[in-house]
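Inspection log for the structure reproduced underneath, given as structure tokens.
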Number of protein chains: 2
Amino acid sequence: MSPRNKEQFKEIRDQRQQELRRSAIQMFSQKGFASAKISDITSNAQLSHGLFYHYFASKEELYIEVIRDILYDFIDLVEQAAEFEMTALGKMEWLTEATHSGSIKEGVYRHILVLQALYSDHLNELAKREIVALYKEAVDGIGSIIKTGQQEGLFVEGDPEELATYHLSLAHGLLLWNARTEKPVQLSTDKVLRQLKKTENGGTC
Amino acid sequence: MSPRNKEQFKEIRDQRQQELRRSAIQMFSQKGFASAKISDITSNAQLSHGLFYHYFASKEELYIEVIRDILYDFIDLVEQAAEFEMTALGKMEWLTEATHSGSIKEGVYRHILVLQALYSDHLNELAKREIVALYKEAVDGIGSIIKTGQQEGLFVEGDPEELATYHLSLAHGLLLWNARTEKPVQLSTDKVLRQLKKTENGGTC
DNA sequence: GTCTATACGACGATAGAC
DNA sequence: GTCTATCGTCGTATAGAC
């Protein structure tokens, strides 16, 4: 077996892994952990169900990995926003829009998946604590942005972390609601950010 | 069989039904539809699992009834708020606190249950539409309160229904988050309502 | 109305051929 | 690496005794 072949195998393995993860996000969030069958996940990724166990030890293992993936992505997004060369308000606008970009359904599925993981008992407390910790990392990142916004004098006073929590609550709640209505309310970054901004007409007051 | 006995039987039936519904809310929301076994629901209500089918035709039937119950309760709550003799702001404050009262966990479980119902495929589209319609009824009720608040000049301008959606998104999102953190952020009705109020210091400006 | 026992199907996981 | 066939388990729903 040449090293060439070894590499090729590894590539195939990685690619299949990725396909299964993608498929799992879809299935788990649409059907929930228990109802998403292995065969749902594999057939959606166009593999046989037997092959699943060459890539993951169990259904539960895949579940937790997928949730980790989602949260890492979200943390990345926040970090990306933080590094832009713009005002805190601009960063928050960008972040708000990015959270709601792409397919609405996709965003909402990912969010529900995290919720389900936290509030069901498929996962042990240790795993749940890890998830909470990752989410908190994202909240802290947003808190930092808000803090600079306060120093710029554009944002209301108050504990930045608490304000970040309020912001995320609003953004995600809205995401959920929008995904179900026939004609979704056009997302208004303005309105989502209203609670953060000091006043609408600043110095002219 | 005397009429006296007939009545007694009916009472027992009703009571058992109620016990099963209560138990089901707990189990469904904690474990999800698929993972909540009939035996979980019955044993939690201290009945044998066989007896379940004397009260409900299937697990799915109970599921949808329970969700209806939750939404009817919520609509009642909004109507109650609307009928008070107070300003719109007072009504919204009362409603916000009522939503977060009782055990936090209980409130959050009920909310998650509705979400799960909407975003999983245990329910057919018809049932989902009914749920959305009920939820919308509650949103409309809140929208009405907001409208009077605008006429009083205390609330920001904008489509009342849209503002109601934002309010609920924030309130429920916060509920979810609070239930998972070790030391929940003390609910601040003030901050939840900030997005609705016109300015913090009104006429003195 | 309440219970226990059981039929029946579904699904996670494994074995073994290719 | 990929597939099909199969085992073992678990859970819904039913049957039938009390």
Side-chain angles (χ1 to χ4, degrees), chain A residues 1-24 26-28 30-66 116 120-124 127, chain B residues 1-24 26-28 30-66 120-124:
Chain A
M1 193 191 282
S2 72
R4 172 70 181 274
N5 279 340
K6 259 189 181 171
E7 272 172 37
Q8 284 178 336
F9 278 143
K10 188 182 178 323
E11 258 176 46
I12 292 181
R13 272 196 75 87
D14 287 353
Q15 196 185 334
R16 290 276 181 279
Q17 271 245 9
Q18 268 318 108
E19 281 165 11
L20 284 173
R21 281 167 195 252
R22 232 194 316 274
S23 170
Q26 243 178 298
M27 292 297 118
F28 279 142
Q30 266 173 58
K31 296 163 176 275
F33 176 77
S35 299
K37 296 165 243 169
I38 302 277
S39 59
D40 287 332
I41 297 170
T42 51
S43 74
N44 189 46
Q46 311 210 338
L47 297 175
S48 74
H49 64 276
L51 195 54
F52 177 87
Y53 294 92
H54 278 64
Y55 292 103
F56 297 95
S58 70
K59 192 173 151 181
E60 194 183 331
E61 184 190 290
L62 173 59
Y63 187 56
I64 188 161
E65 296 227 351
V66 149
Q116 278 179 347
S120 70
D121 49 1
H122 304 301
L123 257 43
N124 56 47
Chain B
M1 196 191 279
S2 71
R4 171 72 181 272
N5 279 340
K6 258 189 180 172
E7 270 173 36
Q8 283 179 338
F9 279 142
K10 189 183 178 322
E11 256 177 45
I12 291 180
R13 271 196 76 85
D14 287 354
Q15 195 185 334
R16 291 276 180 279
Q17 271 245 7
Q18 268 319 108
E19 281 164 12
L20 284 172
R21 279 167 197 250
R22 232 196 314 276
S23 171
Q26 240 178 303
M27 292 298 117
F28 279 144
Q30 265 173 55
K31 296 163 176 276
F33 175 77
S35 299
K37 297 165 242 167
I38 303 277
S39 57
D40 287 333
I41 296 170
T42 50
S43 71
N44 189 44
Q46 313 212 336
L47 297 174
S48 75
H49 64 277
L51 194 55
F52 177 88
Y53 294 91
H54 278 64
Y55 292 102
F56 297 96
S58 70
K59 193 172 148 180
E60 194 184 331
E61 185 192 291
L62 172 58
Y63 187 56
I64 187 161
E65 296 226 350
V66 149
S120 70
D121 48 2
H122 304 301
L123 257 44
N124 56 48

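Lettering follows sequence order; numbering is per chain, from 1.
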Not counting sequence neighbours, which residues clear side-chain hydrogen bond (donor to acceptor under 3.5 Å, both in side chains) with [X]? List them please.
| X | answer |
| --- | --- |
| B:Q15 | B:E19 |
| B:Q18 | none |
| B:T42 | none |
| A:E60 | none |

Going by side-chain contact (heavy atoms from CB on, under 4.5 Å), name the residues that satisfy it together with [X], two or more places apart in sequence or in a different chain.
| X | value |
| --- | --- |
| A:K59 | A:F28, A:F33, A:I38 |
| A:I12 | A:R16 |
| B:S35 | A:A34, A:H122, B:K31 |
| B:D14 | B:K10 |

Please tabulate the protein-to-nucleotide N/O contacts below 3.5 Å involving nucleotides 10-14 of chain C, giving atom names and distances.
unit_1	atom_1	unit_2	atom_2	d
C:dC11	OP1	A:K37	NZ	3.1
C:dG12	OP1	A:K59	NZ	2.9
C:dG12	OP2	A:I38	N	3.0
C:dA13	OP2	A:Y53	OH	2.7
C:dA13	OP2	A:K59	N	3.3
C:dA13	O5'	A:Y53	OH	3.3

Please identify the 5'-most and 3'-most nucleotides of DNA chain D with any atom under 4.0 angstrom from a heavy atom of chain A.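 Nucleotide range with atoms under 4.0 Å of chain A: D:dG1 to D:dA5.
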Identify whether any heavy atom of A:Y55 sits under 4.0 Å from a base atom; if not, whether one sits that close to sugar-phosphate; answer base, sugar-phosphate or nothing.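 Sugar-phosphate contact only - A:Y55 comes under 4.0 Å of backbone atoms but never of a base.
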With sequence neighbours left out, write down each residue that passes salt bridge (charged side-chain N to carboxylate O under 4.0 Å, His left out) with B:E65, or none if nothing qualifies.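 For B:E65 the salt bridge (charged side-chain N to carboxylate O under 4.0 Å, His left out) partners, ignoring immediate neighbours, are B:R21.
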Note down the inter-axis angle between the two ends of the helix from C:dG1-D:dC18 to C:dC18-D:dG1, five pairs each, to the nearest 10°.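 Here the local axes at opposite ends form an angle of 0°.
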For A:Y55 and A:R13, which heavy atoms make the closest approach, and how far apart are they?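 What the structure gives for the nearest pair is CE2-O, 3.6 Å.
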